[in-house]
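Quick notes on the structure that follows.
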2 protein chains.
Amino acid sequence: MKHNSNVPAFLAKLWTLVEDADTNEFICWSQEGNSFLVLDEQHFAKEILPKFFKHNNMASFIRQLNMYGFRKVMHIDTGIVKQEKDGPVEFQHPYFKHGQDNLLENIKRKVSNTRPEDNKIRQEDLSQILASVHSVHSKQESIDLRLGTLKRENEALWREISDLRQIHAHQQQLIKKVSGEPILMNSNGKKPKYIHQIYDDKAICAV
Amino acid sequence: MKHNSNVPAFLAKLWTLVEDADTNEFICWSQEGNSFLVLDEQHFAKEILPKFFKHNNMASFIRQLNMYGFRKVMHIDTGIVKQEKDGPVEFQHPYFKHGQDNLLENIKRKVSNTRPEDNKIRQEDLSQILASVHSVHSKQESIDLRLGTLKRENEALWREISDLRQIHAHQQQLIKKVSGEPILMNSNGKKPKYIHQIYDDKAICAV
DNA sequence: GGTTCTAGAACC
DNA sequence: GGTTCTAGAACC
């Protein structure tokens, strides 16, 4: 293995440990070479681990293995035979294989605080969204009020226009009767534009 | 200790284990009696644990302790003296005290999936809120359109009324000129109600 | 990045 | 509720 490679210290030490024939009594490659076995857990933890790491706890060793994506190899019981409780522990990683130290650089330490940060962001999002909902809801209420006012005003306007048109028609009739010709001009000298003409080409939906 | 009490099996076994003078060599009360010590972790795990539990793993024992709220007692290093790595492990719980088995019933196993459920609920809330926001937003857009339409219609109506009033006024003048008296009645025989009278007591805000 | 204590989650 | 494997988080 290249010692100047970018392989983390833990992986380099683990590789050395498993490769080293002197410690094969306690930790070694499996038959297939795609996993490693710890044969005497107690002795391995107390005697071998401190020679490579700053502790002698199997738990810390396993924590590191999991941190780098190693998985314990479960020995499924084939039928009746009960799995021996004190058998060797076996760990495996797709890029940790006998004789293929070039794969080691593919093993990545799991990065922390991805989920905690996500949760915090989610919390902030939640607050922002709630504030936004309340804001939109308030505006909607005021718009609804305004809409109701406008609608009533509008209806009143239509009624007044209806009334005014009738008055106008009656006056027209009256004037026609007395003068013989209708008056259609307003003060601007232009023919008035009726509302139904303005909206002839637009659909007016009900409120 | 009452054997018919509602104390979980783990706590009952742990209490027995710590109390039992025969195992004091491996697990016993601390001097003050407010914590317990495991003196020879390796022997304790492999020889004592399986006599009380269905395993011989210190990790499983510690997992249970944590599950019931026990905390490891940390031995702070006073200054220069380095803490011995292989000293006894010590665990403590406010309701686990020498000679006070009546307190045991206060020790509660931590219930699981409180946080996961919270997160799931939060996720569901988030989805519902987002859907709600989109719904309200859509409605707001349609109301805005409707409001714009009504506003323009309203303005056109005001203009037409203005025109009609002018026409009416001119006609009045004309009729007055020719007949000597004004015509104010519409076809219903009632006096028309002008829009400014309807809204005299209401403030009309701008859109 | 390493070590330690505690917790989550799956399985029994 | 117990056991096991893995992960979170704090501290170094």
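Proteins get letters first, then strands, A, B, ... in listed order; numbering begins at 1 in each. These numbers come from a predicted model, not from an experiment.
Between B:K72 and C:dT6 there is no side-chain polar atom (N or O) within less than 4.0 angstrom of OP1 or OP2.
Within 4.0 Å (heavy atoms only), B:A59 reaches no atom of the nucleic acid at all. Counting any heavy atom pair closer than 4.0 Å across all strands shown, A:R63 reaches a base atom. The residue B:Y68 sits close only to the backbone: its heavy atoms come under 4.0 Å of sugar-phosphate atoms, none of a base.
The distance between atom CZ of A:F61 and atom P of D:dC5, rounded to the nearest whole Å, is 15 Å. With rounding to whole Å, A:K13 atom NZ is found 14 Å from C:dG1 atom P. Between the C1' atom of D:dC5 and the CD atom of A:E90 lies a distance of 15 Å, rounded to the nearest Å. For the pair A:M67 CE and D:dG8 P, the interatomic distance rounds to 9 Å; values are reported in whole Å. Residue B:F91 contributes atom CZ, which lies 13 Å from atom P of C:dT4 at whole-angstrom precision. The nearest whole Å value for the distance from the CZ atom in B:F70 to the C1' atom in C:dA7 is 17 Å. The distance between atom CG of A:L65 and atom P of D:dC5, rounded to the nearest whole Å, is 13 Å. As a whole-Å value, the separation of A:H75 NE2 from D:dT4 C1' is 15 Å.
For B:I62, counting side-chain heavy atoms from C-beta on, the closest listed nucleotide (C:dC5, C:dG2, C:dT6) is C:dT6. Listed candidates were D:dA7, D:dT3, C:dA7. Nearest to the side chain of B:S60 is D:dT3. With C:dG2, D:dT3, D:dA7 as the candidates, the nucleotide lying closest to the side chain of A:N66 is D:dA7. Which of C:dG2, D:dT3, C:dA7 sits closest to the side chain of B:F53 comes down to D:dT3. Side-chain atoms of A:R109 lie closest to C:dG1 of the nucleotides C:dT6, C:dG1, D:dA7.
For an aromatic pair to be called close, the ring centres must be under 6.0 Å apart, and B:F61 with B:F44 satisfies this. In summary, the aromatic rings of B:F36 and B:W15 are positioned with their centroids too far apart to meet the 6.0 Å limit.
Within a 6.0 Å radius of CZ in A:F52, more than 12 heavy atoms belonging to other residues, nucleotides or ligands are found.
With hydrogens and angles left out, the side-chain atoms of A:E19 and A:H98 include a donor and acceptor closer than 3.5 Å.
Partners of A:Y68 under the ring-ring contact (aromatic ring centres under 6.0 Å, His included) rule, at least two apart in sequence or in another chain, are A:F10.
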